[in-house]
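See below for the structure under consideration.
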Amino acid sequence: MKKKIAVFAGDGIGQEIVPQAIRVLDAIGVRCGHGFDCEYAQVGGAAIDSTGMPLPQESLELAKKSDAVLLGAVGGPKWEGLEYERRPERALLGLREQLGLFANLRPAKIYSALIDASTLKPEVIDGIDVLVVRELTGGIYFGKPKGIEETATGHKGINTEVYTTEEIIRISEVAFKAAQKRRGLVTSIDKANVLESSELWRRVITDVHKDYPDVELRHMYVDNCAMQLIRNPKQFDVLVTTNLFGDILSDEAAMLTGSIGMLPSASVGSTVGMYEPIHGSAPDIAGKNMANPIGTIASVAMMLNHSFDLSKEAELIEQAIQSTLDQGFRTKDIESDGTTLLGTKEMGDKIIQVLESL
Ligand code: IPM
Ligand code: MG
């Protein structure tokens, strides 16, 4: 198999973790006889510095003509003062919108070796396996009107939460289909006791559910969900929710597993999928060879699975991660007593070494 991958390392630790993930991808290519042709371009703060824009046309074109996109992270204090349209985060939002990536899949699964890295009690988190399906191109992130306007006494800031029937139908279908391959339970998260957009969300997903009689559908308010995720996360299989609620709840779900540095994500919905760790650019540890590359390496596994239908190869990467952790190797964020601390690059080396031995 020959595939073309657009690689955007982005800012901060993105520059350190992405190369490790690419090395793992190359190792899989060699081992399984696939050609992964990577082409690199800039997005985020790095692109602002060199072109003035967070998502240069050239980078967007590259993404569009590739089979998949691998992204590290964007953002940093250097660019925080810029107007919204020119901030690094716009690169992400622009890619999601322009590539039509309306569904964001964020699996939070516990690695048994890391049970003690979580701040929650082992009996609460042992065996959790949650998939957050976040709507990614609608809601308050994109709704209009938006902006900051002058008033007689000062200013007002405006954003609009808006969902159409079509948008809710397609994200619901992704969630139900995912649940069919898992434990068959979808919990839809909304704020239907207060928001009309949530009321419609609930109505539409209930309707779509009629086509999936083999899946159970539950509804839950977002505030209750935030609580239930730390009280009893094992009750969840697939969580489906809006862009903003999904942003918040997926960070919470990630932390159940011990470190946000571990978790991958897939953004899908059109022919080109985009894969990235769910953490940010972590400017405080950037350039120190300290960041955890596992979330990005696991994102490569998701790419193999979702974009290229290479589930055996994806499984190999997951096994290599698991086994490396089982052998006691850790990056700083997941270090505990009796484990061996590795830097970013050394963690990449170790995972490749384990992969080659499988
Ligand atoms: C995420 C991030 C982004 C988001 C930011 C960086 C724009 O937090 O992918 O969760 O809010 O979607
Ligand atoms: Mg987020």
Side-chain angles (χ1 to χ4, degrees), residues 8-15 17-18 42-48 53-55 59-60 63 69-108 130-143 146 159-161 163 167 171 189 222 225-226 229 239-257 259-269 273-284 286 291-292 295-296 298-299 302-303:
F8 304 136
D11 307 314
I13 60 169
Q15 295 290 337
I17 53 181
V18 166
Q42 285 184 333
V43 298
I48 295 171
M53 291 313 285
L55 180 59
S59 303
L60 179 61
V69 177
L70 180 69
L71 192 139
V74 293
K78 182 174 174 193
W79 305 283
E80 261 161 28
L82 292 174
E83 55 184 301
Y84 276 87
E85 286 315 309
R86 298 204 21 227
R87 288 204 190 170
E89 288 77 6
R90 287 286 136 178
L92 262 186
L93 301 177
L95 282 164
R96 291 169 182 173
E97 190 182 26
Q98 297 290 321
L99 297 175
L101 304 172
F102 67 84
N104 185 219
L105 313 177
R106 298 188 164 186
V130 181
L131 175 67
V132 178
V133 176
R134 169 188 177 194
E135 200 289 327
L136 204 59
T137 52
I140 200 165
Y141 272 55
F142 293 92
K146 64 186 235 167
N159 289 96
T160 307
E161 170 81 350
Y163 273 110
E167 286 173 316
I171 193 73
I189 310 303
V222 62
C225 179
L229 267 175
L239 286 179
V240 62
T241 192
T242 61
N243 205 342
L244 180 63
F245 295 162
D247 178 45
I248 299 165
L249 295 175
S250 62
D251 271 27
E252 193 186 356
M255 214 46 214
L256 299 174
T257 69
S259 170
I260 197 166
M262 301 291 298
L263 292 200
S265 81
S267 300
V268 297
M274 183 160 83
Y275 300 84
E276 56 183 312
I278 85 158
H279 60 71
S281 58
D284 52 324
N292 185 347
T296 319
S299 298
M302 284 193 94
M303 175 190 293

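Computed over heavy atoms, backbone and side chain alike; hydrogens, waters and symmetry mates excluded. As the structure lists them, so they are numbered: ligands from 1, and atoms in each ligand from 1. Just so you know, these numbers come straight off a predicted model, no measurement behind them.
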Given a heavy-atom cut-off of 4.0 Å, could you list the residues near ligand 1 in chain and number order?
E89, L92, R96, R106, R134, Y141, D247
For R134, the option from T242, N243, T241 that meets side-chain hydrogen bond (donor to acceptor under 3.5 Å, both in side chains)
N243
Check whether S265 reaches the backbone of R106 with its side chain - one donor and one acceptor, N or O, closer than 3.5 Å.
no
Please examine the side chains of K78 and D11, heavy atoms only from C-beta on, and report whether any two atoms are closer than 4.5 Å.
no
Sub-3.5 Å donor-acceptor pair from the side chain of E85 to the main-chain atoms of R87, do we have one?
no
Tell me if a side-chain donor or acceptor on S250 pairs with a main-chain N or O of G246 at a distance below 3.5 Å.
yes
Looking at side-chain heavy atoms only, is the closest gap between L60 and M53 below 4.5 Å?
no
Any non-hydrogen side-chain atom of L131 less than 4.5 Å from a side-chain atom of L239?
no
Any heavy-atom pair between the side chains of I171 and V240 that's under 4.5 Å?
yes
Mind listing the closest non-hydrogen atom pair of G10 and Q15 along with its distance?
O-NE2, 2.6 Å
State the count of protein N/O/S atoms located less than 2.8 Å away from the Mg ion (ligand 2).
1
